[in-house]
Amino acid sequence: MINVIVGASVMENNKRKNKNIIGSEAFPGILLLATTILALILANTPLDKFYNYILYDLKVGEEFNLHLFINDFLMAIFFLVVGCEIKRELIYGKLSSIKQASFPVIAAVGGMIVPALIFTLFNYSTAFEIGAGIPLSTDIAFAIGIFSILESRLNFSLKLFLLTLAVVDDLLSIIIIGVFYSSHIRVSGIIISLILTAILFSLKFFNKRNKLYPYIILGVALWAAVFYSGIHSTLSGVILAFSIPVLPEKDKEKDLSYKIQHKLEPFSNYVILPLFAFSNTGINLGGNLNLAKDYPLMIGIILGLVIGKPVGIVLFGYLGSLIGITNKPQDTSWYDVLEVSILAGIGFTMSLFISEIAFAGEEVELSVSKISVLIAAVISIIIASILTSIGEKVQHKN
């Protein structure tokens, strides 16, 4: 009887531990890592035929396959969730005033300019320069997941800084995608998209009962119009997010934006992002990679993410503080900021996403850029672990 009770108690404790792991902020990052490893295994074994067949060869029409569905439609939902978060931060949150927003915003800008310069330094006037947008972004889920794993060694107040930085990164990356990575523009599609956008932003004046379905119907129509226009269809998710009214915290039960964000966030973190990682990291490591020719692309991406991101973030943050236009978060040192800035080198989702757009149809260059993003993420995690370990030992000595 005692053994049964002890066994039941152990099982209950294991269930609680599993729930804690799954419910933790680290879990989305762990899930991304697991799906990436699975994709790499499948792509480098005899199972690669099934992997490619499911993602690319099963088509609806001439070109709409599972890979395109994930990258263009599901990722639009991901950007809808991110857009809702950005809008709330702009109106009521950490980005609602210049004083609150200036440090992570200035740091985020620096964390994009310096990697772009480093990449361009190695790839100027080459066929690879279109990839300058690859090392600019920070993966929200992965970076926050690694932060949560290293949380005991990091300054907890900088978690908000990293989240805000990543949100600003995503916003700027979305603009970059729209401006630099859209092709085959159809004017009729743009006109329809603009009309639908105007209707979406006017809807709050007519939608007195605060119903969600008009936004869903118009949002799907907008996605189709943007997709047809040649501008990358994920922008429709951001436009839809910004068209939905945001209410104060006290009225969040009526807030459609809040409901969308929190209902879709688990789907985004546990389904969309793992699917995206699975469908975009299946790189054949034994393929026709020509690093003698493509090494500038690899160096530009890796150095841009591993060196450029933290240097740009700390440098611009420090200069902003020096001339008095911003302030570093209280109770933090510049070493603390550096530790967290290293995690910004985990570009992953957005970097892979831009790689897919920049080198669409160029198998070798796409593989090189994806491998470079993965290498940069691993190096950034290792460096962050080393720096936090050193920082922890120094603090204990003091």
Side-chain angles (χ1 to χ4, degrees), residues 60-61 63-92 140-141 167 170-179 181-182 185-247 251-273 275-276 349-350 353 356-357:
V60 176
E63 60 176 29
F64 204 85
N65 53 28
L66 182 59
H67 183 261
L68 193 104
F69 174 73
I70 293 168
N71 280 19
D72 286 64
F73 185 75
L74 291 185
M75 286 301 286
I77 297 174
F78 166 75
F79 284 119
L80 168 62
V81 175
V82 171
C84 287
E85 183 177 10
I86 291 169
K87 185 172 181 180
R88 178 165 294 281
E89 294 297 335
L90 285 168
I91 296 175
Y92 296 113
I140 296 175
V167 167
D170 273 352
L171 178 58
L172 295 175
S173 295
I174 290 164
I175 295 169
I176 288 169
I177 289 170
V179 174
Y181 292 99
S182 297
I185 301 297
R186 294 186 181 97
V187 176
S188 58
I190 292 176
I191 292 170
I192 296 169
S193 299
L194 290 173
I195 292 170
L196 289 169
T197 299
I199 294 171
L200 274 167
F201 277 91
S202 303
L203 196 57
K204 62 183 177 181
F205 300 111
F206 305 101
N207 187 24
K208 300 298 182 183
R209 294 186 179 180
N210 206 32
K211 297 292 184 182
L212 180 58
Y213 70 85
Y215 287 102
I216 294 174
I217 294 169
L218 287 168
V220 172
L222 177 65
W223 178 87
V226 175
F227 181 81
Y228 175 76
S229 73
I231 298 171
H232 208 274
S233 53
T234 49
L235 289 174
S236 62
V238 182
I239 294 170
L240 177 59
F242 273 68
S243 72
I244 299 169
V246 174
L247 301 177
D251 298 321
K252 69 180 182 182
E253 291 182 2
K254 302 175 185 176
D255 190 339
L256 292 180
S257 178
Y258 181 86
K259 288 178 182 178
I260 288 171
Q261 182 187 337
H262 286 269
K263 291 206 173 189
L264 288 179
E265 212 161 35
F267 180 65
S268 176
N269 288 338
Y270 303 140
V271 178
I272 294 176
L273 290 179
L275 273 176
F276 177 82
T349 302
M350 285 299 297
F353 189 63
E356 282 283 330
I357 303 169

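All values below were derived from every heavy atom in this structure, side-chain atoms included, with hydrogens, water molecules and symmetry-related copies excluded.
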For Y258, is the NZ or CZ atom of R88 found under 6.0 angstrom from the centre of its six-membered ring and inside 45 degrees of the ring axis? no
Please report the shortest heavy-atom distance between S236 and S233, naming the atom on each side. OG-O, 2.5 Å
With rounding to the nearest 0.5 angstrom, report the CG to CD1 distance, L218 to I195. 12.5 Å
Rounded at 0.5 Å granularity, tell me how far CG in L235 sits from CH2 in W223. 13.0 Å
If we only count heavy atoms from C-beta on, is the K259 to L212 side-chain gap below 4.5 Å? no
Closest heavy-atom contact between V81 and L264? CG2-CB, 3.6 Å
When you look at F73 and F227, which way does the side-chain contact (heavy atoms from CB on, under 4.5 Å) test go after all the steps? CA-CA 9 Å; F73 185 75; F227 181 81; over 6 Å; no
Interatomic distance, L256 atom CG to L247 atom CG [nearest 0.5 angstrom]: 7.5 Å
Nearest-0.5 Å distance, CD1 of residue I77 to CD1 of residue I70: 11.5 Å
Taking C-beta and beyond as the side chain, do F78 and F353 meet within less than 4.5 Å on heavy atoms? no
Using a 4.5 Å cut-off on heavy atoms from C-beta on, say whether the side chain of P214 contacts that of I217. no
If we only count heavy atoms from C-beta on, is the F201 to I239 side-chain gap below 4.5 Å? yes
How long is the gap from CE on M75 to CZ on F69, to the nearest 0.5 Å? 13.0 Å
Heavy atoms only: give me the nearest L240-S243 pair and the separation to one decimal. O-OG, 2.7 Å
If you look at every heavy atom in A241 and K87, which pair is closest and at what distance? O-CD, 3.8 Å
Tightest non-hydrogen contact, residues I244 and Y215, listed as CG1-CD2, 3.8 Å
Could you tell me which non-hydrogen atom of S188 sits nearest to which non-hydrogen atom of Y228, and how far apart they are? OG-CE2, 3.4 Å
